[in-house]
Amino acid sequence: MSVTTGTKLVYDFTEGSKDMRELLGGKGANVAEMTRVLGKERVPAGFTITTEACVAYMESGGDFPDGLEEQVADALERLEEQAGKRLGDPGDPLLVSVRSGARESMPGMLDTVLNLGLNDESVEGLGGDRFAWDSYRRFVQMFGNVCRGIPGERFEELIKERKREAGVKEDVELGVDELKALTADFRRVFRDETGEEFPQEPLEQLRQAIAAVFDSWTGERAVSYRRINEIPDEWGTAVNVQQMVFGNRGERSCSGVAFSRDEITGAPKPSGDFLPNAQGEDVVSGVRTPRDLHEMKDSMPEAYDELMQILRTLEEHYRDMQDTEFTVEEGSLYMLQTRNAKRPAQAAVRFAVDAVEEGLLERAEAIATIDAAKLDALLHPGFAPDADFDVLAEGVAASPGAARGEIVFTAHDAVEAAADGRDVILVRPFTEADDVAGFHAAKGILTAEGGKASHAALVARGMGKPCVSGAAALEIDLHAKRVRVNGTELGEGDVIAIDGTAGIVTADEVPLEVPKVSEEFETVLAWADELRTLGVRANADAPEDAAKAREFGAEGIG
(Lines give C-alpha, C1' and ligand atoms only; values in the text may rest on other atoms or scores of the structure.)
Protein backbone atom coordinates (compact mmCIF):
# COMPACT_ATOMS: atom_id res chain seq x y z
CA MET A 1 0.00 0.00 0.00
CA SER A 2 1.71 3.17 -1.16
CA VAL A 3 0.35 6.44 0.19
CA THR A 4 -0.12 9.36 -2.14
CA THR A 5 0.99 12.90 -1.44
CA GLY A 6 -1.56 14.66 0.71
CA THR A 7 -2.88 11.49 2.38
CA LYS A 8 -3.86 12.17 5.99
CA LEU A 9 -1.53 10.02 8.10
CA VAL A 10 -1.99 11.66 11.53
CA TYR A 11 -5.25 12.17 13.46
CA ASP A 12 -5.70 14.06 16.72
CA PHE A 13 -7.60 12.08 19.37
CA THR A 14 -10.49 14.52 18.95
CA GLU A 15 -10.86 13.51 15.28
CA GLY A 16 -11.24 9.74 15.64
CA SER A 17 -13.87 7.27 16.83
CA LYS A 18 -14.25 3.57 17.68
CA ASP A 19 -15.41 2.91 14.12
CA MET A 20 -11.97 3.81 12.71
CA ARG A 21 -9.96 0.88 14.16
CA GLU A 22 -8.73 -0.34 10.74
CA LEU A 23 -7.06 3.05 10.20
CA LEU A 24 -6.25 4.13 13.78
CA GLY A 25 -5.76 0.70 15.34
CA GLY A 26 -7.71 -0.52 18.34
CA LYS A 27 -5.92 1.68 20.86
CA GLY A 28 -6.11 4.86 18.79
CA ALA A 29 -9.76 4.35 17.91
CA ASN A 30 -10.70 3.63 21.52
CA VAL A 31 -8.70 6.52 22.99
CA ALA A 32 -10.46 8.81 20.52
CA GLU A 33 -13.83 7.32 21.54
CA MET A 34 -12.99 7.71 25.24
CA THR A 35 -12.15 11.35 24.61
CA ARG A 36 -15.65 11.81 23.14
CA VAL A 37 -17.39 9.86 25.93
CA LEU A 38 -15.43 10.95 29.03
CA GLY A 39 -14.15 14.37 27.97
CA LYS A 40 -10.68 15.80 27.40
CA GLU A 41 -10.11 16.38 31.12
CA ARG A 42 -10.14 12.59 31.74
CA VAL A 43 -8.11 11.47 28.70
CA PRO A 44 -4.64 12.97 28.14
CA ALA A 45 -4.39 14.60 24.71
CA GLY A 46 -2.44 13.23 21.77
CA PHE A 47 -2.53 11.98 18.20
CA THR A 48 -2.43 8.72 16.23
CA ILE A 49 -0.23 7.83 13.25
CA THR A 50 -2.26 5.53 10.99
CA THR A 51 -1.75 1.89 10.09
CA GLU A 52 -1.41 3.07 6.47
CA ALA A 53 1.78 4.90 7.45
CA CYS A 54 3.16 1.69 9.00
CA VAL A 55 2.36 -0.37 5.90
CA ALA A 56 4.03 2.24 3.66
CA TYR A 57 7.06 2.23 6.01
CA MET A 58 7.35 -1.56 5.73
CA GLU A 59 6.94 -1.57 1.94
CA SER A 60 9.68 1.04 1.55
CA GLY A 61 12.13 -0.98 3.64
CA GLY A 62 12.16 1.45 6.57
CA ASP A 63 11.58 4.96 5.19
CA PHE A 64 8.84 7.22 6.53
CA PRO A 65 6.23 7.94 3.84
CA ASP A 66 6.19 11.39 2.28
CA GLY A 67 4.52 13.96 4.47
CA LEU A 68 4.57 11.92 7.70
CA GLU A 69 7.26 13.91 9.50
CA GLU A 70 5.57 17.20 8.60
CA GLN A 71 2.17 15.96 9.79
CA VAL A 72 3.71 14.68 13.04
CA ALA A 73 5.35 18.08 13.59
CA ASP A 74 2.02 19.85 13.03
CA ALA A 75 0.19 17.49 15.42
CA LEU A 76 2.91 17.93 18.04
CA GLU A 77 2.56 21.70 17.77
CA ARG A 78 -1.20 21.39 18.40
CA LEU A 79 -0.53 19.11 21.38
CA GLU A 80 2.01 21.56 22.81
CA GLU A 81 -0.46 24.42 22.45
CA GLN A 82 -3.18 22.45 24.26
CA ALA A 83 -0.81 21.32 27.03
CA GLY A 84 0.81 24.73 27.45
CA LYS A 85 4.23 23.03 27.35
CA ARG A 86 6.88 22.25 24.75
CA LEU A 87 8.52 18.86 24.16
CA GLY A 88 11.93 18.93 25.84
CA ASP A 89 11.55 22.46 27.25
CA PRO A 90 14.37 22.86 29.81
CA GLY A 91 12.06 24.90 32.07
CA ASP A 92 8.78 22.92 32.08
CA PRO A 93 8.89 20.05 29.58
CA LEU A 94 6.03 18.24 27.88
CA LEU A 95 6.69 14.51 27.98
CA VAL A 96 4.89 11.97 25.80
CA SER A 97 4.37 8.24 25.54
CA VAL A 98 4.74 6.47 22.21
CA ARG A 99 2.61 3.33 22.04
CA SER A 100 1.64 0.76 19.45
CA GLY A 101 -1.96 -0.02 18.55
CA ALA A 102 -2.83 -2.81 16.12
CA ARG A 103 -6.45 -3.18 15.03
CA GLU A 104 -6.66 -6.45 17.04
CA SER A 105 -5.26 -6.49 20.57
CA MET A 106 -1.79 -8.07 20.82
CA PRO A 107 -0.91 -7.78 24.55
CA GLY A 108 2.79 -7.16 25.09
CA MET A 109 3.76 -8.08 21.53
CA LEU A 110 4.43 -4.54 20.27
CA ASP A 111 6.56 -1.80 21.75
CA THR A 112 6.04 1.24 23.99
CA VAL A 113 8.29 4.13 25.05
CA LEU A 114 7.37 6.32 28.06
CA ASN A 115 8.69 9.68 29.31
CA LEU A 116 9.96 10.72 25.88
CA GLY A 117 11.31 14.27 25.81
CA LEU A 118 13.64 14.02 28.80
CA ASN A 119 17.29 14.94 28.50
CA ASP A 120 20.03 16.34 30.75
CA GLU A 121 18.39 19.78 30.80
CA SER A 122 14.67 18.96 30.91
CA VAL A 123 15.12 16.53 33.82
CA GLU A 124 15.92 19.60 35.92
CA GLY A 125 12.89 21.45 34.51
CA LEU A 126 10.75 18.48 35.57
CA GLY A 127 11.89 19.19 39.12
CA GLY A 128 15.33 17.60 39.39
CA ASP A 129 13.94 15.55 42.29
CA ARG A 130 13.47 11.84 42.87
CA PHE A 131 10.41 11.73 40.60
CA ALA A 132 12.26 13.47 37.75
CA TRP A 133 15.31 11.22 37.91
CA ASP A 134 13.14 8.11 38.27
CA SER A 135 11.35 9.16 35.07
CA TYR A 136 14.66 9.84 33.27
CA ARG A 137 16.22 6.48 34.18
CA ARG A 138 13.00 4.75 33.01
CA PHE A 139 13.17 6.61 29.71
CA VAL A 140 16.82 5.72 29.05
CA GLN A 141 16.11 2.10 29.96
CA MET A 142 13.03 1.78 27.76
CA PHE A 143 14.46 3.76 24.85
CA GLY A 144 17.65 1.66 24.88
CA ASN A 145 15.69 -1.58 24.92
CA VAL A 146 12.90 -0.70 22.48
CA CYS A 147 14.59 1.65 20.05
CA ARG A 148 18.10 0.20 19.99
CA GLY A 149 17.60 -3.43 20.95
CA ILE A 150 19.70 -3.45 24.13
CA PRO A 151 18.70 -6.54 26.17
CA GLY A 152 16.47 -5.62 29.10
CA GLU A 153 18.54 -7.83 31.38
CA ARG A 154 21.47 -5.41 31.10
CA PHE A 155 19.39 -2.71 32.79
CA GLU A 156 17.66 -4.99 35.29
CA GLU A 157 21.01 -6.30 36.55
CA LEU A 158 22.18 -2.73 37.18
CA ILE A 159 18.98 -1.96 39.09
CA LYS A 160 19.47 -5.05 41.29
CA GLU A 161 23.09 -4.05 41.91
CA ARG A 162 22.08 -0.52 42.98
CA LYS A 163 19.40 -1.89 45.30
CA ARG A 164 21.92 -4.24 46.90
CA GLU A 165 24.38 -1.41 47.44
CA ALA A 166 21.64 0.81 48.90
CA GLY A 167 20.31 -2.01 51.11
CA VAL A 168 16.74 -1.75 49.77
CA LYS A 169 14.34 -4.27 48.22
CA GLU A 170 12.06 -2.17 45.99
CA ASP A 171 12.86 0.22 43.14
CA VAL A 172 10.75 2.91 44.82
CA GLU A 173 13.16 2.92 47.80
CA LEU A 174 16.07 4.19 45.69
CA GLY A 175 16.86 7.85 46.43
CA VAL A 176 17.67 10.65 44.02
CA ASP A 177 21.45 10.06 44.21
CA GLU A 178 21.05 6.36 43.39
CA LEU A 179 18.72 7.20 40.50
CA LYS A 180 21.18 9.74 39.10
CA ALA A 181 23.92 7.13 39.28
CA LEU A 182 21.63 4.53 37.71
CA THR A 183 20.81 6.87 34.83
CA ALA A 184 24.54 7.37 34.25
CA ASP A 185 25.01 3.58 34.31
CA PHE A 186 22.23 3.16 31.75
CA ARG A 187 23.71 5.80 29.46
CA ARG A 188 27.09 4.08 29.68
CA VAL A 189 25.44 0.80 28.62
CA PHE A 190 23.75 2.67 25.75
CA ARG A 191 27.12 4.05 24.61
CA ASP A 192 28.84 0.66 24.92
CA GLU A 193 26.10 -1.16 23.01
CA THR A 194 25.46 1.37 20.23
CA GLY A 195 28.70 3.33 19.93
CA GLU A 196 26.65 6.52 20.29
CA GLU A 197 25.73 8.92 23.06
CA PHE A 198 22.15 8.85 24.31
CA PRO A 199 20.17 11.27 22.06
CA GLN A 200 19.37 14.60 23.69
CA GLU A 201 17.22 16.12 20.91
CA PRO A 202 13.53 15.35 21.64
CA LEU A 203 12.44 15.31 17.99
CA GLU A 204 15.15 12.75 17.22
CA GLN A 205 13.97 10.70 20.20
CA LEU A 206 10.44 10.84 18.80
CA ARG A 207 11.51 9.86 15.29
CA GLN A 208 13.41 6.81 16.58
CA ALA A 209 10.52 5.78 18.84
CA ILE A 210 7.98 5.91 16.00
CA ALA A 211 10.29 3.82 13.81
CA ALA A 212 10.79 1.31 16.65
CA VAL A 213 7.03 0.81 17.06
CA PHE A 214 6.67 0.29 13.30
CA ASP A 215 9.58 -2.19 13.38
CA SER A 216 8.05 -4.12 16.29
CA TRP A 217 5.24 -5.23 13.95
CA THR A 218 7.72 -7.44 12.09
CA GLY A 219 9.59 -8.59 15.23
CA GLU A 220 9.78 -12.31 15.96
CA ARG A 221 7.43 -12.24 18.95
CA ALA A 222 4.74 -10.26 17.09
CA VAL A 223 4.99 -12.58 14.07
CA SER A 224 4.67 -15.65 16.34
CA TYR A 225 1.60 -14.14 18.04
CA ARG A 226 -0.02 -13.33 14.68
CA ARG A 227 0.55 -16.87 13.43
CA ILE A 228 -1.10 -18.32 16.55
CA ASN A 229 -4.04 -15.88 16.44
CA GLU A 230 -4.44 -15.72 12.64
CA ILE A 231 -3.85 -11.97 12.37
CA PRO A 232 -2.79 -10.85 8.84
CA ASP A 233 0.75 -9.49 8.43
CA GLU A 234 -0.42 -6.74 6.06
CA TRP A 235 -2.51 -4.91 8.66
CA GLY A 236 0.37 -3.04 10.31
CA THR A 237 0.15 -1.10 13.56
CA ALA A 238 -0.79 2.46 14.36
CA VAL A 239 1.35 4.61 16.69
CA ASN A 240 -0.18 6.70 19.49
CA VAL A 241 1.65 9.75 20.87
CA GLN A 242 0.03 10.92 24.10
CA GLN A 243 0.80 13.47 26.79
CA MET A 244 2.30 11.74 29.84
CA VAL A 245 0.59 11.69 33.19
CA PHE A 246 2.59 10.33 36.07
CA GLY A 247 1.71 7.56 38.46
CA ASN A 248 5.16 7.77 40.05
CA ARG A 249 4.69 11.14 41.79
CA GLY A 250 4.40 9.66 45.28
CA GLU A 251 1.91 7.73 47.38
CA ARG A 252 -1.11 9.75 46.10
CA SER A 253 -0.26 8.57 42.60
CA CYS A 254 -0.52 5.13 41.00
CA SER A 255 -0.87 3.21 37.77
CA GLY A 256 -3.20 0.30 37.20
CA VAL A 257 -5.34 -1.94 35.06
CA ALA A 258 -9.06 -2.27 35.73
CA PHE A 259 -11.67 -4.61 34.24
CA SER A 260 -15.35 -3.70 34.29
CA ARG A 261 -16.05 -7.24 35.58
CA ASP A 262 -13.99 -10.01 37.11
CA GLU A 263 -11.66 -11.02 34.30
CA ILE A 264 -11.38 -14.63 35.55
CA THR A 265 -15.00 -15.53 36.37
CA GLY A 266 -16.99 -12.81 34.60
CA ALA A 267 -18.79 -11.96 37.86
CA PRO A 268 -20.35 -8.47 37.76
CA LYS A 269 -17.82 -6.77 40.00
CA PRO A 270 -14.83 -4.76 38.71
CA SER A 271 -11.39 -6.27 39.24
CA GLY A 272 -7.78 -5.44 38.48
CA ASP A 273 -4.42 -4.40 39.88
CA PHE A 274 -2.64 -1.18 40.76
CA LEU A 275 0.75 -0.08 42.00
CA PRO A 276 1.26 3.07 44.07
CA ASN A 277 4.05 5.40 42.96
CA ALA A 278 4.57 3.50 39.70
CA GLN A 279 4.20 3.78 35.95
CA GLY A 280 2.04 1.53 33.82
CA GLU A 281 4.82 -0.71 32.57
CA ASP A 282 5.51 -1.75 36.19
CA VAL A 283 1.99 -3.21 36.37
CA VAL A 284 1.78 -5.00 33.03
CA SER A 285 5.38 -6.24 32.83
CA GLY A 286 5.02 -8.41 35.93
CA VAL A 287 8.38 -7.25 37.32
CA ARG A 288 6.61 -5.97 40.45
CA THR A 289 3.65 -7.72 42.06
CA PRO A 290 0.77 -5.23 42.28
CA ARG A 291 -2.04 -4.74 44.79
CA ASP A 292 -5.70 -5.61 44.37
CA LEU A 293 -7.68 -2.84 42.70
CA HIS A 294 -10.15 -2.46 45.57
CA GLU A 295 -7.37 -1.51 48.02
CA MET A 296 -7.43 1.85 46.19
CA LYS A 297 -10.64 2.65 48.07
CA ASP A 298 -8.63 3.12 51.28
CA SER A 299 -5.68 5.10 49.91
CA MET A 300 -7.35 7.09 47.07
CA PRO A 301 -11.12 7.01 47.74
CA GLU A 302 -12.15 9.81 45.35
CA ALA A 303 -10.18 8.43 42.42
CA TYR A 304 -11.48 4.93 43.20
CA ASP A 305 -15.13 6.06 43.17
CA GLU A 306 -14.59 7.94 39.90
CA LEU A 307 -12.96 4.88 38.35
CA MET A 308 -15.87 2.62 39.33
CA GLN A 309 -18.31 5.03 37.66
CA ILE A 310 -16.16 5.29 34.52
CA LEU A 311 -16.01 1.48 34.22
CA ARG A 312 -19.82 1.37 34.25
CA THR A 313 -20.02 4.18 31.70
CA LEU A 314 -17.55 2.52 29.31
CA GLU A 315 -19.20 -0.90 29.55
CA GLU A 316 -22.61 0.58 28.82
CA HIS A 317 -21.19 2.58 25.91
CA TYR A 318 -19.26 -0.30 24.31
CA ARG A 319 -21.86 -2.89 25.39
CA ASP A 320 -19.06 -5.30 26.26
CA MET A 321 -16.74 -6.06 29.17
CA GLN A 322 -13.88 -3.53 29.21
CA ASP A 323 -10.17 -3.79 30.00
CA THR A 324 -8.77 -0.35 30.88
CA GLU A 325 -5.47 1.25 31.83
CA PHE A 326 -5.46 4.24 34.16
CA THR A 327 -3.14 6.57 36.04
CA VAL A 328 -3.76 8.63 39.16
CA GLU A 329 -1.44 11.65 39.38
CA GLU A 330 -1.52 13.28 42.80
CA GLY A 331 -5.18 12.34 43.28
CA SER A 332 -6.41 13.10 39.73
CA LEU A 333 -7.66 10.14 37.65
CA TYR A 334 -6.77 9.79 33.95
CA MET A 335 -7.89 7.04 31.55
CA LEU A 336 -5.25 5.91 29.06
CA GLN A 337 -6.89 3.04 27.22
CA THR A 338 -9.95 0.84 26.97
CA ARG A 339 -10.63 -2.26 24.90
CA ASN A 340 -12.99 -5.22 24.89
CA ALA A 341 -11.52 -7.53 27.53
CA LYS A 342 -9.87 -10.79 26.56
CA ARG A 343 -11.34 -13.36 28.92
CA PRO A 344 -11.38 -17.11 29.43
CA ALA A 345 -14.40 -19.13 28.37
CA GLN A 346 -15.87 -19.19 31.89
CA ALA A 347 -15.92 -15.39 32.06
CA ALA A 348 -17.22 -15.05 28.49
CA VAL A 349 -20.19 -17.30 29.17
CA ARG A 350 -20.96 -15.66 32.54
CA PHE A 351 -20.83 -12.18 30.97
CA ALA A 352 -23.13 -13.18 28.12
CA VAL A 353 -25.80 -14.49 30.48
CA ASP A 354 -25.53 -11.58 32.91
CA ALA A 355 -25.56 -8.99 30.10
CA VAL A 356 -28.88 -10.35 28.83
CA GLU A 357 -30.37 -10.42 32.34
CA GLU A 358 -29.23 -6.83 32.92
CA GLY A 359 -30.73 -5.63 29.63
CA LEU A 360 -27.31 -4.65 28.26
CA LEU A 361 -27.53 -7.04 25.28
CA GLU A 362 -30.03 -9.15 23.37
CA ARG A 363 -29.43 -12.90 23.24
CA ALA A 364 -27.95 -12.94 19.73
CA GLU A 365 -25.66 -10.03 20.60
CA ALA A 366 -24.54 -11.75 23.80
CA ILE A 367 -23.71 -14.99 21.98
CA ALA A 368 -21.63 -12.97 19.48
CA THR A 369 -19.37 -11.76 22.32
CA ILE A 370 -18.21 -15.34 22.96
CA ASP A 371 -15.23 -16.73 21.03
CA ALA A 372 -16.61 -20.15 20.14
CA ALA A 373 -13.11 -21.55 19.52
CA LYS A 374 -12.29 -21.12 23.21
CA LEU A 375 -15.36 -22.84 24.64
CA ASP A 376 -13.56 -26.16 24.81
CA ALA A 377 -11.65 -24.66 27.77
CA LEU A 378 -14.83 -25.26 29.78
CA LEU A 379 -14.18 -28.96 29.36
CA HIS A 380 -10.53 -28.79 30.39
CA PRO A 381 -9.50 -30.62 33.55
CA GLY A 382 -9.09 -29.12 37.01
CA PHE A 383 -7.79 -30.53 40.27
CA ALA A 384 -10.09 -33.29 41.56
CA PRO A 385 -12.23 -31.76 44.35
CA ASP A 386 -11.38 -34.54 46.83
CA ALA A 387 -7.66 -34.72 45.96
CA ASP A 388 -5.19 -34.84 48.87
CA PHE A 389 -2.01 -32.86 48.16
CA ASP A 390 0.48 -30.49 49.76
CA VAL A 391 0.46 -26.90 48.53
CA LEU A 392 3.98 -26.00 47.47
CA ALA A 393 3.24 -22.32 46.79
CA GLU A 394 0.31 -19.98 46.28
CA GLY A 395 -0.02 -17.10 43.88
CA VAL A 396 -2.54 -15.14 41.86
CA ALA A 397 -5.26 -17.16 40.13
CA ALA A 398 -4.39 -15.60 36.77
CA SER A 399 -5.99 -17.93 34.19
CA PRO A 400 -8.35 -20.80 35.03
CA GLY A 401 -7.89 -24.52 34.55
CA ALA A 402 -5.27 -26.96 35.78
CA ALA A 403 -2.23 -28.53 34.18
CA ARG A 404 0.53 -30.94 35.07
CA GLY A 405 3.91 -31.31 33.40
CA GLU A 406 7.67 -31.22 33.58
CA ILE A 407 9.34 -27.94 34.58
CA VAL A 408 11.06 -25.95 31.84
CA PHE A 409 12.60 -22.52 32.33
CA THR A 410 12.69 -21.06 28.82
CA ALA A 411 10.23 -20.65 25.98
CA HIS A 412 12.70 -22.37 23.66
CA ASP A 413 12.80 -25.46 25.90
CA ALA A 414 8.99 -25.50 26.06
CA VAL A 415 8.77 -25.52 22.26
CA GLU A 416 11.32 -28.34 21.98
CA ALA A 417 9.58 -30.39 24.68
CA ALA A 418 6.19 -30.03 22.99
CA ALA A 419 7.74 -31.14 19.71
CA ASP A 420 8.95 -34.28 21.56
CA GLY A 421 5.43 -34.89 22.86
CA ARG A 422 6.19 -33.99 26.48
CA ASP A 423 3.80 -32.01 28.70
CA VAL A 424 5.59 -29.07 30.34
CA ILE A 425 4.94 -26.14 32.67
CA LEU A 426 6.85 -22.96 31.77
CA VAL A 427 8.33 -21.56 35.01
CA ARG A 428 9.73 -18.00 34.94
CA PRO A 429 10.33 -15.11 37.38
CA PHE A 430 8.15 -13.13 34.95
CA THR A 431 7.41 -13.56 31.28
CA GLU A 432 8.19 -11.24 28.41
CA ALA A 433 6.70 -10.80 24.98
CA ASP A 434 9.45 -12.97 23.47
CA ASP A 435 8.09 -15.95 25.43
CA VAL A 436 4.88 -16.18 23.40
CA ALA A 437 5.89 -19.31 21.44
CA GLY A 438 6.62 -21.06 24.76
CA PHE A 439 3.14 -20.15 26.03
CA HIS A 440 1.62 -21.86 23.03
CA ALA A 441 3.72 -24.99 23.58
CA ALA A 442 3.36 -25.31 27.38
CA LYS A 443 0.41 -26.84 29.21
CA GLY A 444 0.54 -24.06 31.83
CA ILE A 445 2.54 -21.05 33.03
CA LEU A 446 3.89 -20.28 36.50
CA THR A 447 5.61 -17.01 37.47
CA ALA A 448 7.06 -15.70 40.72
CA GLU A 449 6.08 -12.10 40.02
CA GLY A 450 3.18 -10.21 38.47
CA GLY A 451 -0.57 -10.08 38.97
CA LYS A 452 -3.82 -10.51 37.06
CA ALA A 453 -2.81 -7.84 34.54
CA SER A 454 0.77 -9.06 33.98
CA HIS A 455 1.94 -10.17 30.56
CA ALA A 456 1.81 -13.81 31.66
CA ALA A 457 -1.79 -13.53 32.85
CA LEU A 458 -3.10 -11.65 29.82
CA VAL A 459 -1.52 -13.91 27.21
CA ALA A 460 -2.41 -17.11 29.11
CA ARG A 461 -6.07 -16.07 29.34
CA GLY A 462 -6.10 -15.16 25.68
CA MET A 463 -4.75 -18.62 24.80
CA GLY A 464 -6.90 -20.51 27.31
CA LYS A 465 -3.83 -21.75 29.22
CA PRO A 466 -3.83 -22.23 33.01
CA CYS A 467 -1.60 -19.70 34.75
CA VAL A 468 -0.52 -18.94 38.31
CA SER A 469 1.35 -15.65 38.62
CA GLY A 470 2.87 -13.75 41.55
CA ALA A 471 3.88 -16.90 43.48
CA ALA A 472 6.34 -14.83 45.49
CA ALA A 473 7.69 -17.73 47.57
CA LEU A 474 9.38 -19.18 44.49
CA GLU A 475 13.11 -18.53 44.12
CA ILE A 476 13.81 -19.17 40.45
CA ASP A 477 17.41 -19.52 39.28
CA LEU A 478 17.32 -19.44 35.49
CA HIS A 479 21.06 -20.02 35.14
CA ALA A 480 21.11 -23.16 37.30
CA LYS A 481 17.62 -24.13 36.10
CA ARG A 482 16.41 -24.68 39.66
CA VAL A 483 13.43 -23.46 41.66
CA ARG A 484 13.45 -23.36 45.46
CA VAL A 485 10.43 -22.88 47.70
CA ASN A 486 9.94 -23.47 51.43
CA GLY A 487 12.83 -25.92 51.72
CA THR A 488 11.98 -27.83 48.54
CA GLU A 489 14.23 -27.68 45.50
CA LEU A 490 13.11 -28.73 42.02
CA GLY A 491 14.92 -28.79 38.73
CA GLU A 492 14.25 -29.00 35.03
CA GLY A 493 12.25 -32.13 34.24
CA ASP A 494 10.65 -32.45 37.67
CA VAL A 495 6.86 -32.66 37.51
CA ILE A 496 4.59 -30.04 39.08
CA ALA A 497 0.89 -29.24 38.80
CA ILE A 498 -0.78 -25.83 38.83
CA ASP A 499 -4.38 -24.79 39.39
CA GLY A 500 -4.97 -21.44 37.71
CA THR A 501 -8.48 -21.24 39.12
CA ALA A 502 -7.27 -21.32 42.74
CA GLY A 503 -3.70 -20.01 42.33
CA ILE A 504 -2.11 -23.19 43.72
CA VAL A 505 1.14 -25.01 42.91
CA THR A 506 2.00 -28.55 44.04
CA ALA A 507 4.64 -31.19 43.35
CA ASP A 508 2.22 -34.01 44.21
CA GLU A 509 0.50 -36.28 41.69
CA VAL A 510 -2.89 -34.58 41.73
CA PRO A 511 -5.66 -36.23 39.68
CA LEU A 512 -7.20 -33.89 37.10
CA GLU A 513 -10.93 -34.05 36.41
CA VAL A 514 -13.14 -32.67 33.65
CA PRO A 515 -15.51 -30.10 35.23
CA LYS A 516 -19.28 -30.22 35.14
CA VAL A 517 -21.01 -27.96 32.66
CA SER A 518 -22.17 -24.75 34.37
CA GLU A 519 -25.74 -23.47 34.32
CA GLU A 520 -24.54 -20.41 32.38
CA PHE A 521 -23.02 -22.61 29.67
CA GLU A 522 -26.23 -24.63 29.39
CA THR A 523 -28.17 -21.38 29.11
CA VAL A 524 -25.98 -20.15 26.26
CA LEU A 525 -26.27 -23.50 24.47
CA ALA A 526 -30.06 -23.30 24.81
CA TRP A 527 -30.05 -19.80 23.29
CA ALA A 528 -27.91 -21.05 20.43
CA ASP A 529 -30.41 -23.86 19.83
CA GLU A 530 -33.23 -21.34 19.65
CA LEU A 531 -31.39 -19.09 17.20
CA ARG A 532 -29.59 -21.58 14.96
CA THR A 533 -30.74 -22.62 11.49
CA LEU A 534 -28.35 -25.59 11.06
CA GLY A 535 -28.48 -29.09 12.50
CA VAL A 536 -25.63 -30.15 14.78
CA ARG A 537 -23.90 -33.51 14.53
CA ALA A 538 -20.69 -34.72 16.13
CA ASN A 539 -17.61 -36.33 14.64
CA ALA A 540 -16.99 -39.32 16.93
CA ASP A 541 -15.13 -42.58 16.41
CA ALA A 542 -15.67 -44.23 19.80
CA PRO A 543 -18.84 -45.07 21.78
CA GLU A 544 -17.82 -42.90 24.75
CA ASP A 545 -17.21 -39.92 22.46
CA ALA A 546 -20.60 -40.41 20.82
CA ALA A 547 -22.28 -40.60 24.23
CA LYS A 548 -20.57 -37.41 25.37
CA ALA A 549 -21.60 -35.64 22.16
CA ARG A 550 -25.24 -36.66 22.68
CA GLU A 551 -24.99 -35.47 26.28
CA PHE A 552 -24.01 -32.02 24.98
CA GLY A 553 -26.96 -31.92 22.59
CA ALA A 554 -25.65 -33.29 19.30
CA GLU A 555 -28.50 -34.57 17.12
CA GLY A 556 -26.49 -37.40 15.64
CA ILE A 557 -23.07 -38.59 14.55
CA GLY A 558 -21.88 -37.24 11.24
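Heavy atoms only: backbone and side chains are in, while hydrogens, waters and symmetry mates are out. A quick note: this is a predicted structure, and the numbers were derived from the prediction, not measured.
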Worksheet item: Can Arg226 be said to sit on top of Trp217's aromatic six-ring, NZ or CZ under 6.0 Å from centre and within 45° of the ring axis?
Response: yes

Side chains of residues 68-76: which donor-acceptor pairs under 3.5 Å do they make with residues two or more places apart or in other chains?
| from | atom 1 | to | atom 2 | distance (Å) |
| --- | --- | --- | --- | --- |
| Gln71 | OE1 | Leu9 | N | 2.8 |
| Gln71 | OE1 | Val10 | N | 3.3 |
| Gln71 | NE2 | Thr7 | O | 2.8 |

Discussion item. Between Arg42 and Leu333 (side chain of the first, backbone of the second, donor and acceptor by atom type, cut-off under 3.5 Å), is there such a pair?
Written reply: yes

Worksheet, complete the sentence: Closest non-hydrogen atoms of Met321 and Arg261, given as atom of the first, atom of the second and distance, are CE-O, 3.6 Å

Worksheet entry | Output field: ring centroids Phe326/Tyr334 closer than 6.0 Å | no

Practice prompt. Taking Glu80 for its side chain and Arg86 for its backbone only, find out whether a donor-acceptor pair lies under 3.5 Å.
Written response: no

Discussion item. For a quick check under 3.5 Å, do Gln346 and Arg350 share a side-chain donor-acceptor pair by atom type?
Written reply: no

Worksheet item: Ring centroid separation for Phe143 and Tyr136, is it under 6.0 angstrom?
Response: no

Discussion item. Tell me if a side-chain donor or acceptor on Ser216 pairs with a main-chain N or O of Gly219 at a distance below 3.5 Å.
Written reply: no

Worksheet, complete the sentence: Rounded to the nearest 0.5 angstrom, the CD-CG distance for Glu520 and Asp354 is 7.0 Å

Worksheet, complete the sentence: So CZ of Arg154 and CZ of Phe186: to nearest 0.5 Å the spacing works out to 10.5 Å

Worksheet item: Side chains of Asp262 and Ser271: do they bring a donor and an acceptor to under 3.5 Å?
Response: no

Worksheet entry | Working for side-chain hydrogen bond (donor to acceptor under 3.5 Å, both in side chains), residues Gln322 and His317 | CA-CA 10 Å; Gln322 293 300 292; His317 180 77; over 6 Å; no

Discussion item. Any side-chain to backbone donor/acceptor pair from Asn119 onto Ser122? Under 3.5 Å, distance only.
Written reply: yes

Item to complete: Determine, for Phe351 and Arg343, whether the Lys NZ or Arg CZ falls below 6.0 Å from the six-membered ring centre while staying within 45 degrees of the axis.
Response: yes

Fill in: Residues forming a ring pair (Phe, Tyr, Trp, His ring centres under 6.0 Å) with Phe259, sequence neighbours excluded
none

Worksheet item: Would you find a donor on one side and an acceptor on the other, under 3.5 Å apart, between the side chain of Glu325 and the backbone of Met335?
Response: no

Worksheet item: Looking only at heavy atoms, what is the nearest atom pair of Pro65 and Ala56, with distance?
Response: CB-CB, 4.0 Å

Worksheet entry | Donor-acceptor side-chain pairing of Gln200 and Gln205 below 3.5 angstrom | no

